[in-house]
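A quick write-up on the structure given underneath.
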Amino acid sequence: MADVDAGVTPAYDRMKEVKEFDESKVGVKGLADSGITSIPRFFVHPPETISDLKKPSQACTTKSIPVIDLAHLKYSPHERQKLVAEIKEATATWGFFQVINHGVPVSVLDETINAIRAFHDQPQEVRAKHYKRQESHGVMYATNNDLYRAKAATWHDSLGVWLSPEKVRAKEEEIPEICRKEVLAWESHATKVAEALFELLSEGLGVEAGRFKELGFLAGKLLVGHCYPYCPRPDLTVGITSHTDSGLTVLLQNQVAGLQVKHGDEWVNVKPIPGALTINIGDFIQIISNDNYTSVEHRVLANPCKDPRISVVIFFNVGNRGDSEYFGPLEELVSAEKPRLYRKFTVQEFHKNFLGKGLDSKSIIEQFKLPREAEKSA
């Protein structure tokens, strides 16, 4: 597996090297643990990707994503209305926010992070037993789910556990024993947080609190435990390229920075707050809300620290629905003053397009957007 330094680009068979790396099952963690000082060239990104990379200390420091205190959920209806307004503003202007006092004990947060780190810290030969590319069901551990589809690889490994719907849910014995108890516990805690947030998001749109749940946004769940190990050349690659998500994302992270959110033309650091969870809105919700809420690009820088960056994400998406069930902007949000901005589609069509686009910013939004002249008649 050939390495590369800046400015050196000898000819090579990229797919051959990718296949050799994947079949070795060492992962990015294995490369980092080997003490390499350069990176395999299929991890090197083109100038247009890395030209605007900034270390966390160099990105915009005058702005930060909103921090919302969910303790107000316990108080009066007036306090709840204020909370609804805060979340509505955050999702409309940023698409990202952090929540504190969300009801999950700090001990559970720590146990979850520690368990996912423990999985990635196992000896390579132990991790290799779980290494496989099995997307859409069960358990998958690999470097980059899009390793063979992307133009350049990114510096992270991931443990993915499908949690619902039931037909794709991982069997308990499939989940690595070292983190099994914590993964299942975190599913329960994160789902409670997501359900509360979906109610607040519904109320922010002026519809019934249970509307997102009725649409099925708690029916599709995928947990991913990312590890971003030390990278010797963070100037040449990224942790994860700029992309958007699909539904509602609940993110738990350790205190190693790296996540950045695009706000206007600037990349803004998401500073880890002890005990907080990071929430973001995906493309499906932007469409359902008829652009009242926004899905924004975000990325993770390659990790220059010796300590790994660990994040545990649960993606909440609409579960499998029939081909005859169509989704689009909620009818209550469409009017002469605010016409429909997106055409209708099935869940299958959305997922096909979303997965097909890869990690390439917000192309999915444009695929479903109506031409301006068609908005009023749709």
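FYI, the numbering just counts along the sequence from 1. Remember, predicted model here, so these are calculated numbers, not experimental data.
Salt-bridge annotation for Glu23 and Lys19: present, with a side-chain N of the basic residue lying under 4.0 Å from a carboxylate O of the acidic one. For the pair Glu203 and Arg211, the salt-bridge criterion is not met [side-chain N within less than 4.0 Å of a carboxylate O]. Salt-bridge check for Glu79 with Lys82: passed, with a basic side-chain N closer than 4.0 Å to an acidic carboxylate O. A salt bridge between Asp121 and Lys29 is present, with a side-chain N of the basic residue lying under 4.0 Å from a carboxylate O of the acidic one.
Scored by the salt bridge (charged side-chain N to carboxylate O under 4.0 Å, His left out) test, Lys344 finds Glu331 as partners (sequence neighbours excluded). Annotation: ring-ring contact (aromatic ring centres under 6.0 Å, His included) contacts of His45 (sequence neighbours excluded): none. A search for salt bridge (charged side-chain N to carboxylate O under 4.0 Å, His left out) contacts involving Glu89 returns nothing, not counting sequence neighbours.
Side-chain polar atoms of Asp283 and Ser246 form no donor-acceptor pair below 3.5 angstrom. A side-chain donor from one of His156 and Thr154 sits under 3.5 Å from a side-chain acceptor of the other. With no hydrogens or angles considered, no side-chain donor-acceptor pair links Tyr230 and Asp307 at under 3.5 Å. There is a side-chain donor-acceptor pair under 3.5 Å between Gln286 and Asp291. Side-chain N/O atoms of Asp157 and Tyr228 include no donor and acceptor closer than 3.5 Å. Side-chain polar atoms of Glu297 and Thr244 form no donor-acceptor pair below 3.5 angstrom.
Taking the six-membered ring for Trp and the full ring otherwise, the centers of Tyr293 and Phe284 sit at least 6.0 Å from each other. His130 and Phe119 have their aromatic ring centers within a separation under 6.0 angstrom. Ring to ring, Phe327 and Phe350 are not that close: their centroids are 6.0 angstrom or more apart.
When all heavy atoms are compared, the tightest approach of Pro176 to Leu159 is CG-CD1, 4.2 Å. Nearest heavy atoms, Tyr131 versus Ala142: CE1-CA, 3.5 Å. Asn254 and Pro308 make their closest contact through ND2-O, 3.0 Å (heavy atoms, listed as atom of the first residue, atom of the second, distance). Nearest heavy atom pair, residue Val108 against residue Thr112, reads O-OG1, 2.7 Å. Minimum interatomic distance between Ile288 and Gly328 (heavy atoms only, all atoms of both residues): CD1-O, 3.3 Å. Across all non-hydrogen atoms, the minimal contact from Ala115 to Ile178 is CB-O, 4.2 Å.
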(request) Under the side-chain contact (heavy atoms from CB on, under 4.5 Å) rule, what do Leu301 and Gln260 come out as? Steps first, then yes or no, please. (result) CA-CA 8 Å; Leu301 302 181; Gln260 293 186 332; 3.6 Å; yes
(message) Run the side-chain contact (heavy atoms from CB on, under 4.5 Å) test on Arg133 and Leu147 for me, step by step, so that the C-alpha distance in whole Å, both residues' side-chain angles and the decisive distance to 0.1 Å come before the verdict.
(response) CA-CA 10 Å; Arg133 296 201 172 274; Leu147 182 65; 3.2 Å; yes
(message) The test is salt bridge (charged side-chain N to carboxylate O under 4.0 Å, His left out); show your working for Arg343 and Glu349 and say whether it passes.
(response) CA-CA 12 Å; Arg343 67 176 177 83; Glu349 182 186 6; 2.6 Å; yes
(message) Between Phe212 and Phe217, is the ring-ring contact (aromatic ring centres under 6.0 Å, His included) condition met? List the steps.
(response) CA-CA 6 Å; Phe212 276 106; Phe217 275 93; 5.3 Å; yes
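Placement of Phe345 and Ile285 within a single hydrophobic cluster is found when ILVMFWY residues are connected by side-chain heavy-atom separations under 4.5 Å, directly or transitively.
With a 4.5 Å cut-off between side-chain heavy atoms of Ile, Leu, Val, Met, Phe, Trp and Tyr, the cluster of Ile273 takes in Val67, Ile100.
To the nearest 0.5 Å, atom CG of residue Leu197 and atom CG of residue Leu70 are 6.0 Å apart. Here the straight-line distance linking atom OG of Ser289 with atom CG of Leu201 works out to 9.0 Å at 0.5 Å rounding. To the nearest 0.5 Å, atoms CG (Asn317) and CG (Leu248) are separated by 9.0 Å. Between atom CZ of residue Arg80 and atom CG of residue Leu83 there is a gap of 7.5 Å, rounded to the nearest 0.5 Å. Within the model, atoms CG of Asp22 and CZ of Phe42 stand 8.5 Å from one another, a figure rounded to the nearest 0.5 Å. Distance check: Phe198 CZ to Leu215 CG gives 9.5 Å after rounding to the nearest 0.5 Å.
Each of Glu195, Glu208, Glu199 was evaluated against Lys213; a single residue qualifies, Glu195, per the side chain to side chain contact (heavy atoms under 4.5 Å, CB included) test.
Checked by atom type and distance alone, the side chain of Asp146 never pairs as donor or acceptor with a backbone atom of Arg149 at under 3.5 Å. Using a distance-only test at 3.5 Å, with no hydrogens or angles considered, no donor-acceptor pair links the side chain of Asn101 to the main chain of Asp69. Remark: side-chain polar atoms of Ser34 are paired, donor with acceptor, to backbone N or O of Leu31 under 3.5 angstrom. In this structure a side-chain-to-backbone donor-acceptor pair under 3.5 Å is missing from Arg169 to Ser164. Remark: the backbone N or O of His243 is paired with a side-chain donor or acceptor of His298 at under 3.5 angstrom. In this structure, Asn290 contributes its side chain and Leu341 its backbone to a donor-acceptor pair below 3.5 Å.
A cation-pi arrangement is present between Arg299 and Trp267, with the terminal nitrogen or guanidinium carbon under 6.0 Å from the aromatic centre and inside a 45° cone about the axis.
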Show the atom names and distances, to 0.1 Å, of all donor-acceptor pairs under 3.5 Å that link a side chain in residues 179-186 to residues at least two apart or in another chain.
unit_1, atom_1, unit_2, atom_2, d
Arg180, NE, Glu172, O, 3.0
Arg180, NE, Ile175, O, 3.0
Arg180, NH2, Ile175, O, 3.0

Result block: side-chain N/O donor-acceptor pairs under 3.5 angstrom for residues 218-227, not counting sequence neighbours:
unit_1, atom_1, unit_2, atom_2, d
Lys221, NZ, Glu187, OE2, 3.1
Lys221, NZ, Thr191, OG1, 3.3
His226, ND1, Ser158, OG, 2.6

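Between Trp155 and Phe43, the ring-plane angle classifies as perpendicular under the 30° and 60° cut-offs.
Residues Lys151 and Thr49 form no side-chain contact, since every pair of their non-hydrogen atoms from C-beta on lies 4.5 Å or further apart. When side chains are defined from C-beta on, Thr91 does not count as touching Thr294, because their heavy atoms never get closer than 4.5 Å. For the pair Lys63 and Val268, the minimum side-chain heavy-atom distance is below 4.5 Å.
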